[in-house]
Amino acid sequence: VPAETEPRYSRLARYAPLGAVLPRWQAACCAVAGLGGLGGGLALQLTRLGVRRLLLIDRDTVGEENLGHQALFTEQHARERWPKVEAAAAVVRAVNSAVAAVPLAANLDHRNIRELLSGADIIFDGLDNYAARFLLNDYAVATGAPYFHAGVVRGELSVMAIVPGVTGCLRCVLDGPPPAGSAPTCAGEGLFPPLLGVANALQLDLACRYLAGTLTAADSALYSLALPDWTVRKLRLPGPRADCPCCGQRRFNYLDGLAGALGQAECAPGSASAGLAGGLDLDRAEQVLAAAGLQLARNAYCLVAEQNGRVWTLFPSGRVIQNGSGDAVELNRFLASYLGV
Ligand SMILES: [Zn+2]
C-alpha cells in the first residue's frame, strides 16, 4: 500500500499539486538548517508530509525568548535548556514515527557542512544570519542540491528557490552579506510571527514544484512581502548569471573558508574574537543592542556591550572581542542575533 493512501495523508493526496509529488516527498531526505521560527515550522510540515529522513541542524538551546514565535518548543524545553535539535527530534517522532529524525547539534561552518548535509536531497533555510546562508548557497550550487531560502524580520519576508542549473542563486542578487549591523535582526527589531508560516508555505510550494519537475528558469526570482499593506514583489532574475561569482564563475569562497565572519577562540583563555569585513557602524550597533536590553558603554574608540557575564567590545574596524567565554560559537551567536552576520 503506497504510504500516501494512508488516512493521515488522505487530505494531502487529494490536493493534486501535492498529491502528485507525495511519493517523492516520502522518499526524500530533507535538511533543515536552523530550528528557530522558520526552521521549526518547516520541520513540522515536513514531518506531516512523511519525509523519509529529516536532518535537524542547530547550535542553540531553547530559551524563554523563543516561546513567543517558535512553534516546536514548550516551557519544559526552555526551563531545562534542551538543545533545539533534541527538542525538535522528540516532537517529530511524536507526530510521525515513520520519519527518521536526525538531531545534529552543530555550528554549521565550511569544515562540517559536507558531513552534516551528506545525503540531503533538499535543503531548507531556517537560519538567522547571512554568513551561514551564503555558505549553504555555495554548498547547494557546488553539489547541485536545491536550496530553499527564506528570511523573516519585522513585518517583512523574503523567499527564493535556488535550483542549481535552473535558477539564479543568492549571490546573483546580493554581492555578499549586508555590512554588519546594517540589516535588521529578529533579536534587535522583532517580527510578526504569523509571517513565518507564510514564508514556509512559499518555500514548500516551490519545493513541490521542484519535485514535480515543473520549476523552471521563470521561477528564478526573489519573492518579498511587506506589511502593513501586504505588498508582494517578485524580483525576476534571468536564471544563473554568467558574472555571478558563485553560480556563474563557480568560485565558492564561503565553502572554501575564504569568506564569512567566523569567530575564533583567542590564545588567551576566556576570550574569542572575530573580524567583520566592511567594518562596523557603531551608532547603529548601539541602537540595536540598546533596544535588545544589553548594558552598554561607549567611548571615542569602541562600544562595549555586556550581558550574563559576557562582555563584547566592538570596534569601527569590524573587530569584535568577546570576554568571559572563549567559546567562538557563543560569539557567532551574538554576531548573528544582533548584527545579522
Ligand atoms: Zn548566482
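In each ligand, atom 1 is the first atom listed, and ligand 1 is the first ligand listed.
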### Query
Taking all atoms of both residues into account, what is the closest heavy-atom pair of Leu72 and Gly40, and its distance?
CD1-CA, 3.5 Å
### Message
Could you tell me if Ser325 and Asp327 have a donor-acceptor pair between their side chains, going purely by distance under 3.5 Å?
### Response
no
### Message
Using only atom types and a distance under 3.5 Å, with no angle test, would you say the side chain of Asp128 pairs donor to acceptor with the backbone of Ala336?
### Response
no
### Query
Stepwise, does the salt bridge (Lys or Arg N to Asp or Glu O under 4.0 Å) test hold for Asp283 with Arg298?
CA-CA 10 Å; Asp283 291 336; Arg298 177 84 185 264; 3.1 Å; yes
### Query
When you check the space around the Zn ion (ligand 1), which protein N, O or S atoms turn up under 2.8 Å?
Cys169 SG, Cys172 SG, Cys244 SG, Cys247 SG
### Query
Taking the hydrophobic residues Ile, Leu, Val, Met, Phe, Trp and Tyr, and joining any pair whose side-chain heavy atoms are under 4.5 Å apart, which ones share a cluster with Val311?
Val304
### Message
Using a 3.5 Å distance criterion without hydrogens, assess whether the side chain of Asp121 forms a donor-acceptor pair with backbone atoms of Cys29.
### Response
yes
